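All values derive from a computational prediction rather than experimental measurement. Values reported hereafter were calculated over all heavy atoms of this structure, with side chains retained and with hydrogens, waters and symmetry mates removed.
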Amino acid sequence: MNNTQLIAALSAALLLAGCQSTTKTTEQEQAATPTQPNYVVADANDVVDALTVLALSQQPEEIIEQTPEFDDVWNRIRYQLSINVPQNRAVVAERNYYARHQKYLDRIAKRGQPYLHYIVEEVEKRQIPIEIALLPIVESAFDPFGYSHRSASGIWQFMPETGKRFGLEQNWWYDGRRDITQSTRAALDYLTYLHKTLDGDWLNAIAAYNSGEGRVLRAIKKNRRKHLPTDFWSLDLPRETTAYVPKLLALSDLLARSDEFNVTWNKIANEPAVKLVDVGSQIDLSLAADMADISITELYRLNPAFNRWASAPEGPHTLLLPIDKAAQFTTALAQTDQKDRIRWQRYQVKNGDTLSKIAKEFDTSTNTIKTLNKLSGNMIRVGQHLFVPLSNGEIDNANMPKSMRLALNTAPVESQTHTVKAGDSLWKIGKKYNVSTKQLAKWNKISSKSTLRLGQKLIVKQGTTTASNMAIKTITYKVRKGDSLARIANQFDVSINDIKKWNNLNANKYLQPGQRLKLKVNVKRG
């Protein structure tokens with residue numbers, strides 16, 4: 001009997017029950033109402049209730065599974081791991097490496113503590129694999145000031161052009177690639193786009209995040225021509241990419257089976273650690289740190305996108321703050337006049353000055369100057385005194401890590417012209433001005449391999465000989481087949497003599513493939 005027949009039968013039974021109830025009426029009642037039919041209809045609610053019971057009885061039993069509550073973000077991630085981890089040589093090698101370096105895992109947990117809960121929440125909102133939340137470990141080990149020799153920056157390691165493509169602004173004041181919330185948004189946008197572009201294959205999408213979708217698409221096309229599989233493990237990809245995906249899978253496997261491999265993931269509370277606060281205007285970051293009662297170091301670690309002593313004049317006007325400090329910061333901010341939120345100096349308007357010219361001179365905006373001075377229009381007069389932001393204040397904090405000072409300090413200089421003299425080279429000139437040969441070549445629209453002429457004029461731009469453009473880091477380079485000292489020196493913008501000095505090399509000996517060299521490179525060049 002189907003559901004329709006059951007419902008009909010039940011309805012008939014209910015009507016019959018109504019008819020049976022009429023047999024109990026007295027003869028006097030029947031006489032009193034001779035025109036009434038000899039039946040009554042059952043109460044409508046009874047019918048509805050009966051039908052409800054019947055309908056529920058025909059449905060399979062539903063098992064409602066509640067997501068467990070976790071007090072540790074690592075456990076929250078562990079519960080949701082979904083990508084299959086093959087136990088192949090590449091994954092096992094990476095997993096064994098991580099398992100042998102407990103101190104590295106400890107460092108990851110310490111660095112990731114302010115960010116990981118936020119990232120997990122954003123990944124879950126997208127309903128994408130939770131393994132993506134582990135990707136900043138592979139990219140930067142959660143170093144907010146992480147910078148690669150290829151100019152990738154931030155915890156998600158965005159290249160400049162890719163960052164712009166996904167809405168990450170980069171200017172003198174601010175680099176959105178280092179903004180924790182904005183770079184997370186952009187990274188998840190990019191990965192979602194790659195997943196769709198690469199036919200819903202998450203491993204290929206993750207590989208493309210490392211090497212670019214063009215390279216992965218070409219590898220897929222090549223395999224299709226040969227009638228070969230197009231999964232990640234079957235593609236011919238660069239060595240870095242073939243190790244990149246196994247690193248992520250190894251971390252996932254190690255998290256899933258931490259007891260088996262006797263490793264510890266130091267607890268990170270499964271609760272918000274930070275809050276995004278709208279400041280509404282430019283603010284001196286030292287003042288902001290005081291308002292929040294935190295150190296300037298902590299403020300910059302949460303807001304590593306800011307390159308200068310203050311937030312950007314044109315925004316964003318938001319700060320990421322410890323969640324337990326946000327309320328007192330908001331209270332202090334409300335009690336501080338907008339003019340008093342940044343350091344300023346007095347400037348007397350000269351003949352030929354305009355607001356835009358003054359703004360450019362002090363690396364600010366006309367709107368900021370108008371707000372500081374409560375100007376309703378753009379008209380100014382010679383001799384007038386204006387408050388302008390102090391744009392050359394160096395960040396100086398002895399307690400701040402050296403890498404952070406290198407990333408944030410600035411010492412702007414005037415634009416100048418260098419006249420080429422005997423013995424000059426782009427590398428030698430770059431070293432003199434603390435800029436890279438690539439920068440010099442770009443500014444002067446010449447090749448980095450160009451031969452210079454005596455008397456040639458070269459431009460060295462204002463504000464580029466800064467500590468924020470210099471971040472010297474020692475890296476280990478593995479010599480490849482065909483490498484020479486000249487080729488390596490050119491690749492990393494260093495001198496052959498320095499390579500020899502750093503590695504105690506004998507000039508008469510040839511480099512060998514596999515040989516490891518120590519190089520001191522500027523990781524913020526270009």
For K103, is there an ion pair with D106 - N to carboxylate O distance below 4.0 angstrom?
no
side-chain contact (heavy atoms from CB on, under 4.5 Å) between S252 and I83, intermediate numbers included
CA-CA 9 Å; S252 169; I83 297 178; 6.0 Å; no
What do you reckon, is NZ of K275 surrounded by more than 12 foreign heavy atoms closer than 6.0 Å?
no
Looking only at the aromatic ring of each residue, does the gap between the centers of F306 and Y300 stay below 6.0 angstrom?
no
Between K222 and D236, is there a side-chain N and carboxylate O pair less than 4.0 Å apart?
yes
So, R516 side chain and V479 main chain: donor-acceptor pair closer than 3.5 Å or not?
no
In plain terms, say whether R224 and D199 are close enough for a salt bridge, that is, a side-chain N and a carboxylate O under 4.0 Å apart.
yes
Using only atom types and a distance under 3.5 Å, with no angle test, would you say the side chain of S234 pairs donor to acceptor with the backbone of T230?
no
Begin from the C-alpha positions of R165 and E213 and carry the test salt bridge (Lys or Arg N to Asp or Glu O under 4.0 Å) through to its verdict.
CA-CA 13 Å; R165 179 181 166 193; E213 65 262 39; 2.5 Å; yes
Between the side chains of Q87 and R95, is a donor N or O closer than 3.5 angstrom to an acceptor N or O?
yes
Judged by atom type as modelled, is there a donor-acceptor pair below 3.5 Å linking the side chain of Q170 to the main-chain atoms of L168?
yes
Give the intermediate values and the outcome of side-chain contact (heavy atoms from CB on, under 4.5 Å) for residues N270 and V120.
CA-CA 10 Å; N270 186 29; V120 167; 6.0 Å; no
Spatial distance of atom OG1 (T330) from atom CE (M291) [nearest 0.5 Å]
10.5 Å
Taking atom types as modelled and ignoring hydrogens, do the side chains of D278 and T318 form a donor-acceptor contact shorter than 3.5 angstrom?
no
Using the rule given for side-chain hydrogen bond (donor to acceptor under 3.5 Å, both in side chains), can you reason through S281 versus R341, listing the C-alpha separation, both sets of side-chain angles and the distance that settles it, and then say yes or no?
CA-CA 8 Å; S281 66; R341 293 179 184 179; 3.0 Å; yes
Hey, is OH on Y104 packed in by over 12 heavy atoms from elsewhere, all under 6.0 Å?
yes
What's the shortest heavy-atom distance between L237 and A207, and which atoms?
CD1-CB, 4.2 Å
May I ask you to check whether D179 and T181 show a side-chain donor-acceptor distance below 3.5 Å?
yes
Side-chain (E122) to main-chain (I119) donor-acceptor, under 3.5 angstrom:
no
Spacing of N204 atom CG and I220 atom CD1 [to the nearest 0.5 Å]
4.5 Å
Is the shortest side-chain N to carboxylate O distance from R76 to D72 below 4.0 Å?
no
Are there more than 12 heavy atoms of other residues, nucleotides or ligands under 6.0 Å from atom CD of E260?
yes
Any sub-3.5 Å donor-acceptor pair from T242's side-chain atoms to R239's backbone N or O?
yes
Stepwise side-chain contact (heavy atoms from CB on, under 4.5 Å) test for F166 and R177:
CA-CA 10 Å; F166 286 90; R177 297 175 300 156; over 6 Å; no
How many angstroms lie between atom CG of D201 and atom CG of L194, to the nearest 0.5 angstrom?
11.5 Å
Sidechain-backbone polar pair: N223 side chain, L228 backbone, donor-acceptor under 3.5 Å
no
Side chains of R178 and N307 only: does a donor on one sit below 3.5 Å from an acceptor on the other?
yes
Does any donor atom in the side chain of Q182 or Y174 lie under 3.5 Å from an acceptor atom in the other side chain?
no
To the nearest 0.5 Å, how far apart are CZ in R257 and CG in N262?
14.0 Å
Look at the aromatic rings of Y209 and F158 and report parallel, tilted or perpendicular, splitting at 30° and 60°.
perpendicular
N/O donor-acceptor pair under 3.5 Å between D483 side chain and R480 backbone
yes
Aromatic rings W202 and H195: how do their planes relate, parallel, tilted or perpendicular, breaks at 30° and 60°?
parallel
Taking atom types as modelled and ignoring hydrogens, do the side chains of T184 and W156 form a donor-acceptor contact shorter than 3.5 angstrom?
yes
If we ignore hydrogens and angles and just use 3.5 Å, is the side chain of W74 paired with the main-chain N or O of L255 as donor and acceptor?
no
Verdict with reasoning, W265 to R78, per side-chain contact (heavy atoms from CB on, under 4.5 Å)
CA-CA 11 Å; W265 295 81; R78 185 183 287 115; 4.2 Å; yes
Does the side chain of N171 pick up a donor-acceptor pair with the side chain of E169 at under 3.5 Å?
yes
Under a 4.0 Å N-O cut-off, is there an ion pair linking D189 with R185?
yes
Taking 4.0 angstrom as the limit, do E298 and R301 come out as a salt bridge?
no
List the steps, then state whether side-chain hydrogen bond (donor to acceptor under 3.5 Å, both in side chains) holds for Q338 with Q282.
CA-CA 8 Å; Q338 200 170 96; Q282 187 181 31; over 6 Å; no
Decide yes or no for N210 and E240: does some side-chain heavy atom of the first lie under 4.5 Å from some side-chain heavy atom of the second?
yes
Heavy atoms only: give me the nearest L285-S311 pair and the separation to one decimal.
CG-N, 4.0 Å
